[in-house]
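Only one structure is covered here, and it is reproduced in the block below.
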Amino acid sequence: MRLSPDEMIFWQHWFSQNSTARLFFTWGLMFVMVVGSELITRNLSTELKRSRWQNLLEIVVTGIEKQIEDVGLRHPKKYIGFLGTLFLFVAIASLCTIIPGYEPPTGSLSTTAALALCGLWPFRFWHRGARARRLT
């Protein structure tokens, strides 16, 4: 029984450099997200006739914006790029567990801690900017 994808070593170079499943699946997932977003967004249109992919993309973006607004942030478009990417990374990592042999990178404590720090750190600056605007 494996508790973490850090225990699976895919490639070892010399004595110190190990490529674990966490690293391999994280970079693979990022590659899939970049290629997928490039393929989906290359033929966007503003007309009434839209592709299925564009409709799916608009549903996802609208849903994420609504979630951000429901949490209490007033201007969701300001946060959608960052928080939407984090949400999609975690969601796709979880959905890919149906693939045999796939170990989600979020199963590792180091990835979860890194995502938590990435999520908390920017809010410190966003909050500081909002407080400064209220005082003036």
Side-chain angles (χ1 to χ4, degrees):
M1 180 171 124
R2 280 191 309 275
L3 297 177
S4 169
D6 293 332
E7 297 173 5
M8 291 174 52
I9 296 177
F10 280 157
W11 181 71
Q12 185 171 359
H13 186 264
W14 294 96
F15 295 102
S16 62
Q17 293 179 335
N18 294 336
S19 291
T20 61
R22 173 182 46 92
L23 183 69
F24 179 76
F25 289 128
T26 300
W27 280 96
L29 190 60
M30 288 189 303
F31 178 76
V32 167
M33 287 177 66
V34 167
V35 170
S37 67
E38 190 67 34
L39 291 174
I40 290 173
T41 59
R42 69 178 175 190
N43 293 326
L44 295 180
S45 74
T46 57
E47 299 179 16
L48 290 177
K49 184 167 174 139
R50 298 180 184 143
S51 68
R52 292 179 183 160
W53 290 109
Q54 184 172 350
N55 285 332
L56 176 67
L57 181 67
E58 289 183 12
I59 289 170
V60 169
V61 169
T62 304
I64 293 172
E65 281 181 351
K66 184 70 175 143
Q67 287 290 320
I68 293 172
E69 194 174 350
D70 288 346
V71 168
L73 300 174
R74 292 186 184 160
H75 306 288
K77 291 196 188 285
K78 179 179 177 182
Y79 309 104
I80 187 79
F82 182 72
L83 293 177
T85 303
L86 285 179
F87 170 77
L88 288 175
F89 180 81
V90 172
I92 293 171
S94 297
L95 288 174
C96 285
T97 56
I98 62 171
I99 300 171
Y102 177 82
E103 292 284 332
T106 52
S108 170
L109 185 60
S110 57
T111 303
T112 306
L115 290 174
L117 287 175
C118 287
L120 292 175
W121 187 256
F123 279 103
R124 184 171 181 223
F125 299 109
W126 287 330
H127 179 68
R128 214 180 265 168
R131 190 180 330 147
R133 283 190 298 275
R134 257 187 306 217
L135 294 175
T136 58

Practice item. Kindly determine whether N43 and W53 satisfy side-chain contact (heavy atoms from CB on, under 4.5 Å), including the steps that lead there. Key: CA-CA 10 Å; N43 293 326; W53 290 109; over 6 Å; no

What is the distance from atom [atom1] of [X] to atom [atom2] of [Y], rounded to the nearest 0.5 Å?
X: I92; Y: M33; atom1: CD1; atom2: CE; result: 4.5 Å
X: I80; Y: T85; atom1: CD1; atom2: OG1; result: 8.5 Å
X: T97; Y: L95; atom1: OG1; atom2: CG; result: 7.0 Å
X: Q54; Y: R42; atom1: CD; atom2: CZ; result: 13.0 Å
X: T106; Y: L115; atom1: OG1; atom2: CG; result: 8.0 Å

Point to revise | Nearest atoms (heavy-atom pairs only) where A93 meets P104 | key: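 Answer, listing the atom of A93 first, then P104: O-CB, 3.8 Å.
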
Point to revise | Transitive ILVMFWY side-chain link I99 to F89, under 4.5 Å | key: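 Linked within one cluster.
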
Practice item. Give a yes or no on whether L83 and I59 share a hydrophobic cluster (residues Ile, Leu, Val, Met, Phe, Trp, Tyr; joining criterion: side-chain heavy atoms under 4.5 Å apart). Key: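 Per the 4.5 Å side-chain linkage, L83 and I59 are not co-clustered.
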
**Study point:** Side-chain heavy atoms of L44 within contact of L57, under 4.5 Å
**Key:**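 A side-chain contact under 4.5 Å exists here.
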
Exercise for review: Taking atom CZ of F87 as the centre, report whether more than 12 heavy atoms of other residues, nucleotides or ligands fall under 6.0 Å from it.
Suggested key: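 Counting neighbours around CZ of F87, 12 or fewer heavy atoms of other residues, nucleotides or ligands fall under 6.0 Å, so no.
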
List the atom pairs, with distances to 0.1 Å, where a side-chain N or O of residues 23-32 and a protein N or O form a donor-acceptor pair under 3.5 Å, not counting sequence neighbours.
residue : atom : partner : partner atom : Å
T26     : OG1  : R22     : O            : 2.6

